[in-house]
Amino acid sequence: MLISILVTLVFGALYFYIKLPAINLHATECYTFVFLTCAVYCVCNLVVTGFKASGVKDYLKHLIKKCTVPVVIAAALLVTGVVGAIAGNVFFRAKTYAKLLPIEAGDFAAEVEEIRWDQIPMLDEDSANTLANKKMGELSDLVSQFEVDDSSAQINYQDRPVRATFLNYGGIIKWWNNRGEGIPAYLLIDMVTQEVTVQRMEQGMKYSPSELFNRNIYRYLRFRYPTKMFYDVNFEVDDEGVPYWCATTVTNTIGLFGGTDVTGAVLVNAQTGESQYYPIGDVPSWVDRVCSARLIMEQYDYYGLYQGGFWNSVLGQSGCTKSTSGYNYIAMDDDVWVYTGVTSVGGDESNLGFILVNQRTKMARYYPCAGANERSGMNSAQGAVQQYSYQATFPILLNIGNEPTYFMALKDASQLVKMYAMVNVSQYQIVSTGMTVEECQENYAQQLLKNGISEVETQPAADEAEISGRVVEIRSSVMDGDTWYFIRLDDQQIYYLINGRDYPVAAILNVEDKVTIRFEQGEDEILTGISLERK
């Protein structure tokens, strides 16, 4: 018996260390852990003791005698699991599932603030990761030892929408060489300016997914919170630039295994390992991602499908809706909100409206707005520039002139952003494109005005200005594969720098031509031009 217990304890310790199951009756991996442990004990006990059975009856008697305790434990757990699964089956609890995500009616024009062109987030995750890897390649001291993680998370950092990503060790040898100091930096990609900032730290990150053994963030969390069920572990940065891991905790609220819902979050300082659990209502305001977008979509689909009961979802399907095939994020009220369209379960290409859900508090709002779904909006944008075969990114939902509007980047086959597009949600035949975001919004404003929908103000930002004059000098230079034009106007000693790719008209300008240039203000002799118009 002692040998069997010892072998079982060793197996259990190794299994727990590697697989990290939550010791919780709501977690299915807990049942697997207990069943395997009981099986190991029984097999070991039978092998060690040894016996000769005259038949099946003798064998069963011997098995019961030697393995009574583990068999009783496994049987009791099996009965508990079966009863718990039945109690949480959607057939019996459909309307309870529908209440997992309480939804309020909202007013889009009043609640979603209009955004200026110079505040529009232009990067999707793929583009942000490309920029991060390109920046990493410029850092000779880091690129040889670390790699940029494949994912990046949208957060609000000091009132700016950014994507944050962290570094991983480049391999076991590089982990061994650097584990003492930890990971020395993380990256922030500004979604508006597309600027990548390398945030170096005096004290390195000692806890991360690429750490081995006890400092691996998943193992570190499990050992300190053995009964917690974790759904996601996200990288976050507080307002002072301190890196944290935000581990979302969940429980199953319907029966034992149904109705997964968020209970709170554990915040772990990535540098020191200090951790604290917060219920969902007490999570600090700088945290942006507690409720996973995947879990929110799942809960909305329960709401849309089962609010009329189980049989209605199967037979009549009256009023049954579902989320569309994708989602994106909006920075609003210093929080990150996930949005998705709402369509009928029939799977047509139009939306009935859309929902916005706060990822920190799980506050959910529904906005009725019949119109195109996201995929139809993407197709409309691609159709407007079909001669280039550009591909549209999944759209961001914006308020432009109090109109719900899809905004997306248009990429070429090399995943480089070439143009931008705006599509009106309710009238998706209204499409505008532009080489720059400003040009795209100006074209969109004209489209709205032309169709009698609304009038959009397109005034320059406070740090911008506009000048008109006669061209007296033009110079050009090729930088990073683009041709840039340096334009000087009469009575000016300042050159305005214009990208020829964005404004091809610069290539055909002549001295004495009259132009209007919008530019970023500054004290330098060369100022960056934002737009160029030939009179």
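Heavy-atom basis, side chains included; hydrogens, waters and symmetry copies ignored. Position 1 is the first residue of the sequence, and the numbers go up from there.
Contact check for M422 versus I120: side-chain heavy atoms found under the 4.5 Å cut-off.
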- Item | Audit row: W175, E211, side-chain hydrogen bond (donor to acceptor under 3.5 Å, both in side chains) steps and yes/no | CA-CA 7 Å; W175 165 80; E211 284 285 352; 2.9 Å; yes
- Message: side-chain hydrogen bond (donor to acceptor under 3.5 Å, both in side chains), that's the test. Do S426 and N424 meet it? Break it down for me.
- Response: CA-CA 6 Å; S426 58; N424 188 275; 2.9 Å; yes
- Check the pair D232, R294 against salt bridge (Lys or Arg N to Asp or Glu O under 4.0 Å), reporting the backbone distance first and the verdict last. CA-CA 10 Å; D232 272 331; R294 289 181 291 113; 3.0 Å; yes
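No side-chain donor-acceptor contact under 3.5 Å links D335 to the backbone of N358. A distance-only check finds no donor-acceptor pair linking the side chain of R360 to the backbone of I280 [under 3.5 Å].
Across P395 and M408, no two heavy atoms sit closer than the pair CB-CE, 4.0 Å.
Scored by the side chain to side chain contact (heavy atoms under 4.5 Å, CB included) test, A270 finds M205, P243, W245 as partners (sequence neighbours excluded). With sequence neighbours excluded, the residues satisfying side chain to side chain contact (heavy atoms under 4.5 Å, CB included) with P284 are L267, Y278, W286, V287.
Taking the six-membered ring where tryptophan is involved, the planes of Y367 and F108 are perpendicular, since the angle between them exceeds 60° and thus also 30°. In this structure, Y495 and F486 have perpendicular ring planes: the angle between them is above 60°, well past the 30° mark. Ring-plane geometry between F519 and Y496 is classed as tilted, the angle between the planes lying from 30 to 60 degrees on a 0 to 90 degree scale.
By the neighbour-count criterion of 12 heavy atoms within 6.0 Å, atom CD of E181 is sparsely surrounded, having that number or fewer from other residues, nucleotides or ligands. By the 6.0 Å contact criterion, CG on L14 is enclosed, its count of non-hydrogen atoms from other residues, nucleotides or ligands being greater than 12. The neighbour count for D150 CG, taken as heavy atoms of other residues, nucleotides or ligands under 6.0 Å away, does not exceed 12. By the 6.0 Å contact criterion, OH on Y388 is open, its count of non-hydrogen atoms from other residues, nucleotides or ligands being 12 or less.
The OG atom of S210 sits 8.5 Å away from the CG atom of L167 when rounded to the nearest 0.5 Å. Atom-to-atom distance recorded for Q391:CD and L410:CG is 9.0 Å, nearest 0.5 angstrom. Of the inter-residue distances, the one linking K322 atom NZ with T343 atom OG1 reads 7.0 Å to the nearest 0.5 angstrom. Distance check, rounded to the nearest 0.5 Å: CE of M363 to CG of L356 gives 11.5 Å. The structure places CD1 of I530 at 7.5 Å from CZ of R518, a figure rounded to the nearest 0.5 Å. Taken to the nearest 0.5 Å, the NZ atom of K411 stands 3.5 Å off from the CG atom of D124.
Partner of F235 under the ring pair (Phe, Tyr, Trp, His ring centres under 6.0 Å) criterion, chosen from Y186, Y157, Y207, Y244: Y186.
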